[in-house]
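Have a look at the structure below, then the notes.
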4 protein chains.
Amino acid sequence: MNRASHTAGITSNRVEAFSDGVFSIAATLLVLQLHVPTQAEGDFGHALLSQWPSYASYVVSFMTIGIIWVNHHTLFANVRRVDRPLLLINLLLLLSVSTIPFPTALLGRYIGEGEPSHLAAAIYGIVMLSMSLSFTALWARVSRDARLDVARLNPRRPVLRSLAGLVAYTLGIALAFVSAEASLVVYGSVAIFYLLPPVRE
Amino acid sequence: MNRASHTAGITSNRVEAFSDGVFSIAATLLVLQLHVPTQAEGDFGHALLSQWPSYASYVVSFMTIGIIWVNHHTLFANVRRVDRPLLLINLLLLLSVSTIPFPTALLGRYIGEGEPSHLAAAIYGIVMLSMSLSFTALWARVSRDARLDVARLNPRRPVLRSLAGLVAYTLGIALAFVSAEASLVVYGSVAIFYLLPPVRE
Amino acid sequence: MNRASHTAGITSNRVEAFSDGVFSIAATLLVLQLHVPTQAEGDFGHALLSQWPSYASYVVSFMTIGIIWVNHHTLFANVRRVDRPLLLINLLLLLSVSTIPFPTALLGRYIGEGEPSHLAAAIYGIVMLSMSLSFTALWARVSRDARLDVARLNPRRPVLRSLAGLVAYTLGIALAFVSAEASLVVYGSVAIFYLLPPVRE
Amino acid sequence: MNRASHTAGITSNRVEAFSDGVFSIAATLLVLQLHVPTQAEGDFGHALLSQWPSYASYVVSFMTIGIIWVNHHTLFANVRRVDRPLLLINLLLLLSVSTIPFPTALLGRYIGEGEPSHLAAAIYGIVMLSMSLSFTALWARVSRDARLDVARLNPRRPVLRSLAGLVAYTLGIALAFVSAEASLVVYGSVAIFYLLPPVRE
């Protein structure tokens, strides 16, 4: 066991405090993309309704962040000591989570706007996919590290569930070039899938 | 008891950390809707005063979020284990809380602007009502779940108090189509009502 | 002792978690008022330098929030149970703290702009004064409430120090109508005063 | 030992809660500088690609804040009591951290824009340098204060690592006047350097 690769004094509680901060702030900043119509935009009710893609991408992103947060806690509740590779993978996960408000704003702004809608939906999927990849890497790291108590986590199941996310986000990115709306439906379905309890044995 | 519906490792403390984040960020983001007048808007003092609806909706939303937060803690202080349905209802509550800055900005911008003021006040009430409904659902879930220690909470009283909120917000939405100002007074009164201690037996 | 006025399950830790959130977010949101010059504003270095009032008000507000936060903890470390009046006073304190980014932006934008500068500096002082008043009320409440362990706090001293803030902010508001710059110097001096340790007996 | 210079009731946990808040919010606010292209900007894909400096400065700033946060915890995990000088140095550190979104936006906006790019890169380095200086001062304070348990921290090593940051940021500021891009590469290298584990003895 390489002691130098341990980060003195960093317990999983500390990592969770910073992570909780990033998750909750990223989720709450999403609301800033909802736009107060100006009077120049004409009928107020119509202007509000025409923003429906912003509301849809807002809800999908909020629920996705909420669910990653739940899974993040499930994972860290079982981590006793944090080493540098784990910290780095976690920072990459938080980087993709904190980026989510940007593709959410892109998608909310450009769905239904023809050509740009495809690119916006693909970018949204790429950010979600990189988040999903970091999360899978975090699981893989935790399960191969004998120092960590993973026995009761049954890591194969969560990895399978993570893989479902990877596949679905990849599908969403491919679909983006056909229809941004269909792509957003796929991204939303991933959130609903993860909200459901795992199948019992 | 269905073990699969338990979320391993999620204690009520963890849910509170994320929830605290969303409550405090949503409350603090409200200030971003207060607008620094440009010089083109003419007299500075007049421009600041004409923003009074923004200040009023800011104060009502801030106090409302503060009070939901207090009640949220009262509830979670008595929850020992968190299951998936509870997490989902809590996420829906947080979604409506984190949305509050948007209708607050709409109402602050459009009160006193004729036709749009009615719609803005109704949307404000709808977001508050959905927050209130999620909160009532959270209470109902906690009180019907025999695993949770609710004896000392006397759940009927809080549910009655929650119902008062539901009725008042519904009244506010109806009033919105008569007068947005009257509607805002109702929303503010709900906050004041919840600040008062419950009637003693 | 009126048991009904107690808020079940709210410990001072919980109030501190929400308060910490509001303090740190209000402090960090201040940076959003610093403006990235557009190319239309001409020379980049000059455009950045001409924003000096924004930098000055940013630093004064950040340090002030940091100091209130320190004092808030000194106070709450000695509070065992939280009742409704205390919660309400604390919410009013947090309301004024979360408002600080607005007068900070006003002052940063309008110092050196003639007439509006006086009003902006006065509004800044009024928000600081209301924060200071809420804080004094919090101290007063803690010291008169026999249930709370205040013996080791020596409450008279902090109240005296709070009064110094009240007097200084009132002076700053009066000075605002002579010179916004002088007023900002007074507000900054309050922060420096509170950073210094109390005089020893 | 001067008891009056102690801040009653402030434990290192409390300082960490506020610091965690500032670190995570500053990191997450960075995303607000990423700009949703308007349709007037022409080709959507091109408009997104031309923002590459914003993405680069976003990633460098996010990783830098994440790493300072890790080091901050390593330090505070070993601090038992917090005195006023430590609080003041920590506030100065948090002030520079919370400022990071501003030079990040400046650099993201002005890299590749000729003359202004040099100044923007230098300002970015100055904020990073002042953060690095505050952090070194924090270490120095902790190691010279006999009341604090620093034995197991081996403070000389971290100070050496801090010095590496000071030198690199100074180099980056000098390089800024030659090439803003080269300067950003240096700033990013500092983040990568601190991600690597310390050399073993």
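Within every chain, numbering begins at 1; the chains are lettered A, B, ... in the order of the sequence lines, protein sequences first and strands thereafter. Note that the structure is a prediction, hence the values are computed from the model and not measured.
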(Q) Can you tell me which portion of D/Leu30 sits under 4.5 Å from chain A's heavy atoms? Options are side chain, backbone, both or neither. (A)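 Neither part, no heavy atoms under 4.5 Å.
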Q.
Counting only non-hydrogen atoms closer than 4.5 Å, does D/Ser61 touch chain A with its backbone (N, CA, C, O), its side chain (CB onward), both, or neither?
A. neither
Can you name the nearest heavy-atom pair linking [X] to [Y], along with the distance?
X	Y	value
A/Phe102	D/Gln51	CZ-NE2, 4.4 Å
A/Leu106	D/Pro37	CD2-CD, 3.8 Å
A/Leu29	D/Thr28	CD1-O, 3.6 Å

Q: Would you kindly say whether A/Ser98 and D/Tyr58 are connected by a side-chain donor-acceptor distance under 3.5 Å?
A: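 A/Ser98 vs D/Tyr58: donor-acceptor pair found between side chains.
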Tell me, do [X] and [Y] make a side-chain contact under 4.5 Å, heavy atoms counted?
X	Y	result
D/Val31	A/Ile100	no
D/Ser24	A/Leu94	no
A/Val15	D/Val70	no
D/Met63	A/Leu92	yes

Q.
Among A/Leu95, A/Ile123, A/Val22, which residue has the highest count of heavy-atom pairs closer than 4.5 Å to chain D?
A. A/Leu95
Q: Select, from A/Pro116, A/Gly21, A/Ala120, A/Pro101, the one with the greatest count of heavy-atom pairs under 4.5 Å involving chain D.
A: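 The answer is A/Pro116.
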Distance from [X] atom [atom1] to [Y] atom [atom2], nearest 0.5 Å?
X	Y	atom1	atom2	result
D/Leu34	A/Thr99	CG	OG1	7.0 Å
A/Phe18	D/Ile65	CZ	CD1	7.5 Å
D/Trp69	A/Leu87	CH2	CG	6.0 Å

Q: Measure distances from A/Leu91 to the heavy atoms of chain D and classify the residue's part below 4.5 Å as side chain, backbone, both or neither.
A: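 Both backbone and side chain of A/Leu91 come within 4.5 Å of chain D.
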**Q.** Side chain, backbone, both or neither of A/Glu115 within contact of chain D (heavy atoms, under 4.5 Å)
**A.** neither
Q | Ring centers of D/Phe44, A/Tyr110 separated by less than 6.0 Å | A |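 Ring-ring flag for D/Phe44/A/Tyr110: true, centres closer than 6.0 Å.
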